[in-house]
Amino acid sequence: DSGVTQTPKHLITATGQRVTLRCSPRSGDLSVYWYQQSLDQGLQFLIQYYNGEERAKGNILERFSAQQFPDLHSELNLSSLELGDSALYFCASSLSSGGAYEQFFGPGTRLTVL
Amino acid sequence: GEDVEQSLFLSVREGDSSVINCTYTDSSSTYLYWYKQEPGAGLQLLTYIFSNMDMKQDQRLTVLLNKKDKHLSLRIADTQTGDSAIYFCAESLSYGNKLVFGAGTILRVKS
């Protein structure tokens, strides 16, 4: 158990809908990262937050947004869902940002868009 | 640019050594990582190496880094059936902390 929790574990929804994925980092970790794992794109970095502020952005679509709250949990919002958004979404957390701080990964949320 | 490549599949017999290879393109990579993903689970960090190191050993795991050729390898000694998983190579670039992952190598250990 990495100490990172993600809810829900599975999510099945329809095209055009909007969903919110939630992540609670390990106690004491200030940085949260979101990654998407799909068969065709592999594991891709989406976005990073550090202590409530956006720190880095990757291949995140405009239909997706994220935020980190004062209690350091993070939410990834996916809207106008398409079939191609079906993937495993991982959250990871680390103590700080930059350097060799290990990123601890949560178990992921499996999103299926029908 | 950022690109990490790995061979897709490796099959070994229990007790043999496994060597998983990875190449990366960005010479400014600061840290290189090996993650393990078991079915239905998240990613577990196995080990990492700083770019100014050539080798790192941690129990059954040996990481070799050839910075000139931008080649990273993970050797698992005495491979066990519990080592069957997908192994991801990843790099962390000097200008940020995001991880850039390879496509993953499926390791199958036959008993």
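Letters A, B, ... are given to chains in the order of the sequence lines, protein chains preceding strands, and every chain is numbered from 1.
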- Query: Does any heavy atom of chain B fall under 4.5 Å from the side chain of A:Gln41, the backbone, both, or neither of them?
  - Reply: neither
- Heavy-atom distances under 4.5 Å only: say whether B:Phe88 touches chain A with side chain, backbone, both or neither. side chain
- Contacting moiety of A:Ile47, where chain B heavy atoms sit under 4.5 Å: neither
- Task: Can you label the angle between the A:Phe69 ring and the A:His73 ring as parallel, tilted or perpendicular, going by 30° and 60°?
- Result: parallel
- Note on the structure: Residues passing the salt bridge (Lys or Arg N to Asp or Glu O under 4.0 Å) test with A:Glu82, sequence neighbours excluded, are A:Arg63
- Using non-hydrogen atoms and a 4.5 Å limit, figure out which bit of B:Gln37 sits close to chain A: side chain, backbone, both or neither. side chain
- Message: At a 4.5 Å cut-off on heavy atoms, which part of B:Ala103 comes close to chain A: side chain, backbone, both, or neither?
- Response: neither
- Angle class for the A:Phe105/B:Tyr35 ring planes (parallel below 30°, perpendicular above 60°, tilted otherwise)? perpendicular
- Message: I'd like to check A:Ser86 versus A:Leu111 (side-chain heavy atoms, cut-off strictly below 4.5 Å). Are they in contact?
- Response: no
- Rest of the hydrophobic cluster containing A:Phe104 (Ile/Leu/Val/Met/Phe/Trp/Tyr, side-chain heavy atoms under 4.5 Å)? A:Val4
